[in-house]
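The next block holds one structure in the form of structure tokens; read it before the comments.
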Amino acid sequence: FTIKMKVFLFTTVWPQRTSSAAGVRNWNFLDIFRSQKWDVTVLSPSKEDSFSQLLRDNQFKTIQVKTNDSDIDGIIKEADPTLVIFDRFVMEEYYGWRVRANSKAAMVIDSQDLHCLRHHRERAVANGASMREVIDVIPQIDDHETLREISSFHRADHVLVVSDHEEKLLKDHFHLHDRVSISSFYYGQPPIIPDGRKNGFVMIGNYRHPPNRDQIKWMYDEIWPKIRSEIPDAKMTVAGVYADMGSLGMNDPKIGFQVRDSVPDIHTFLRKFRVHLAPLRFGAGIKGKIADSWYAGIPTVTTPIGSEGMHSGNFGGKVADNADDFARHAIDLHRDTDLWKRTQESGFQNLRDKFPYDDNAENLISTLKRVVETKDASRRSNVIGEMLWFHQNRSMEYMSRFIELKNKTPKTPSL
């Protein structure tokens, strides 16, 4: 492979290692690309801040790009990237047509998780569906949001997903076939962890993420009272970024329920606790919070949604689809040392099997190189994608140009 790789990474916000699994994933990508000595520029519509400065401090170029501004056209033409990666389908909607018009770059969407699947599952929960019904939800194409996301995927040269469930869904139901592949999470060998563990339960997650907001409320309302009824002095600590008044309002020392903001090092923080709880009733993708807990040597109690795509053998903890069973598993893991040790080892094994850093990094690099090499032939065979470029994305282009012109036109003062 002799092409010098020049990469544009379009991100919704400047990548943040401590805010979410998506931020960690973007930084993993950057570290992997740097190991290959690829020329990388990160572009985002977000305002410059400490996170963009951190990128520059780590020798990555950054460019702030507005969503409806033709200045980006000249940037793309001058840089002439080989590969452009969008960190969500919305980024492809904003900038994909400009990349296509001004370069010959291969275009890849890193889905992070399937937004349409997560949103359909959220609606199913709101409509009273059981956990088993929620896990079986398939997004329907009569939904506007689903059509947007799947259309974006078909326009791309390749789509990266994080779980085998999502890969199968995109291949079997949305006919992406060989233009979708798994690029999962990246974890090295966990450090040696002492056998001793403090008491206590922990939950983590970005408070802005709807599945996380829902899991905290379900825990507070239904599951935690059941745990406290058997362990009266039990303590729960909930931590994450962007804590809002709704979440902070559940902070209640009288019942041992602490809600706090972010922590500087999530793995060091997790090692203070005995059991990680992730009562996710909806969601999609791979759950970074669960992989983080395993890396810290802590078993997890979660739901079928949380465990989806996370293990090939025994889950590193316990899985429950209702509040009663969830509370029982949490209590058992907290009390039973033998069970705790067995499930801890299962978590370590899942990290080795599903998320090995070196193997997954090598797979990512080989996939991206192949996409660049086969781009022209792939586009000739991608009839659906080419039709979408001709029609729907031309509409996006002219709407963007209209907004740009509207923003530049001086307003006439009122009389």
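Since this is a predicted model, take the numbers as computed values, not measurements.
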**Study point:** Residues Asp332, Arg328; criterion salt bridge (Lys or Arg N to Asp or Glu O under 4.0 Å); working and verdict
**Key:** CA-CA 6 Å; Asp332 289 345; Arg328 171 48 52 196; 3.3 Å; yes
Point to revise | Pair Asp142-Leu147, side chain to side chain contact (heavy atoms under 4.5 Å, CB included): steps then yes or no | key: CA-CA 7 Å; Asp142 59 358; Leu147 282 174; over 6 Å; no
Check your understanding: Given the rule in the salt bridge (Lys or Arg N to Asp or Glu O under 4.0 Å) test, do Asp143 and Arg123 qualify, once you have shown the distances and angles that lead to the verdict?
Key -> CA-CA 12 Å; Asp143 174 78; Arg123 287 196 286 269; 3.3 Å; yes
Review point. Would Glu92 and Arg148 satisfy salt bridge (Lys or Arg N to Asp or Glu O under 4.0 Å), going step by step from the backbone distance to the final call?
Key: CA-CA 11 Å; Glu92 186 277 336; Arg148 281 180 56 201; over 6 Å; no
Check your understanding: salt bridge (Lys or Arg N to Asp or Glu O under 4.0 Å) between Asp324 and Lys226: does it pass, once the steps are laid out?
Key -> CA-CA 7 Å; Asp324 288 337; Lys226 300 177 188 297; 2.9 Å; yes
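At least one donor-acceptor pair closer than 3.5 Å links the side chain of Ser46 to the backbone N or O of Thr12. For Arg260 (side chain) and Thr237 (main-chain N/O), no donor-acceptor pair under 3.5 Å exists by modelled atom type. Formation of a donor-acceptor pair under 3.5 Å by the Gln140 side chain with backbone atoms of Ile138 is found in this model. Judged by distance alone, with hydrogens and angles left aside, the side-chain atoms of Lys375 form a donor-acceptor pair with the main-chain N or O of Lys104 at under 3.5 Å.
Within the structure, side chain to side chain donor-acceptor pair (under 3.5 Å) contacts touching residues 25-35 (residues at least two apart or in different chains) are Arg17-Asp31, Arg25-Asp110, Asn26-Asp87, Asp31-Arg34. Applying the ring pair (Phe, Tyr, Trp, His ring centres under 6.0 Å) test to pairs two or more places apart or on separate chains, those with a residue in residues 115-166 are Phe89-His115. Within the structure, side chain to side chain donor-acceptor pair (under 3.5 Å) pairs that include any residue of residues 303-316 comprise Arg121-Glu308 (at least two apart or interchain).
Defined by atom type and a distance below 3.5 Å, a donor-acceptor pair is missing between the side-chain atoms of Ser70 and Asp73. A donor-acceptor pair shorter than 3.5 Å cannot be found between the side chains of Asn360 and Lys354. Judged purely by distance below 3.5 Å, without hydrogens or angles, the side chains of Asp353 and Gln349 pair a donor atom with an acceptor atom. In the model, Asp325 has a side-chain atom that pairs as donor or acceptor with a side-chain atom of Asn322 under 3.5 Å.
In Lys217, the NZ atom is not crowded: 12 or fewer heavy atoms of neighbouring residues, nucleotides or ligands sit closer than 6.0 Å. Remark: Ile141 CD1 is loosely packed, at most 12 non-hydrogen atoms of other residues, nucleotides or ligands lying under 6.0 Å away.
Minimum heavy-atom separation, Cys116 to Glu149: N-OE1, 2.7 Å. The nearest pair of heavy atoms linking Ala296 to Leu270 is CB-CB, 3.7 Å.
The only member of Arg379, Arg100, Arg155 that meets salt bridge (Lys or Arg N to Asp or Glu O under 4.0 Å) when paired with Glu386 is Arg100. With Glu48 as the partner, the side chain to side chain donor-acceptor pair (under 3.5 Å) test is satisfied by one option alone out of Ser44, Ser50, Ser52: Ser52. Across Tyr295, Tyr357, Phe348, a single residue satisfies side chain to side chain contact (heavy atoms under 4.5 Å, CB included) together with Tyr187, and that is Tyr295. In summary, of the residues considered (Leu160, Val371, Leu9), a side chain to side chain contact (heavy atoms under 4.5 Å, CB included) with Ile85 occurs for Leu9 alone.
Note on Arg228 versus Asp233: no salt bridge recorded, every NZ/NE/NH1/NH2 to OD/OE distance being 4.0 Å or above. By the 4.0 Å N-to-carboxylate-O rule, Asp321 lies too far from Arg281 to be salt-bridged with it.
Ring centroids of Phe86 and Phe10 are separated by less than 6.0 Å, placing the two rings close together. A distance of 6.0 Å or more separates the ring centres of Trp14 and Phe51. Between Tyr220 and Phe257, the distance from one ring center to the other falls under 6.0 angstrom.
Below 30°, between 30° and 60°, or above 60°: for His175 and His177 the angle between ring planes is between 30° and 60°, a tilted geometry.
Atom CG of residue Leu277 and atom CD1 of residue Ile223 lie 7.5 Å apart, to the nearest 0.5 angstrom.
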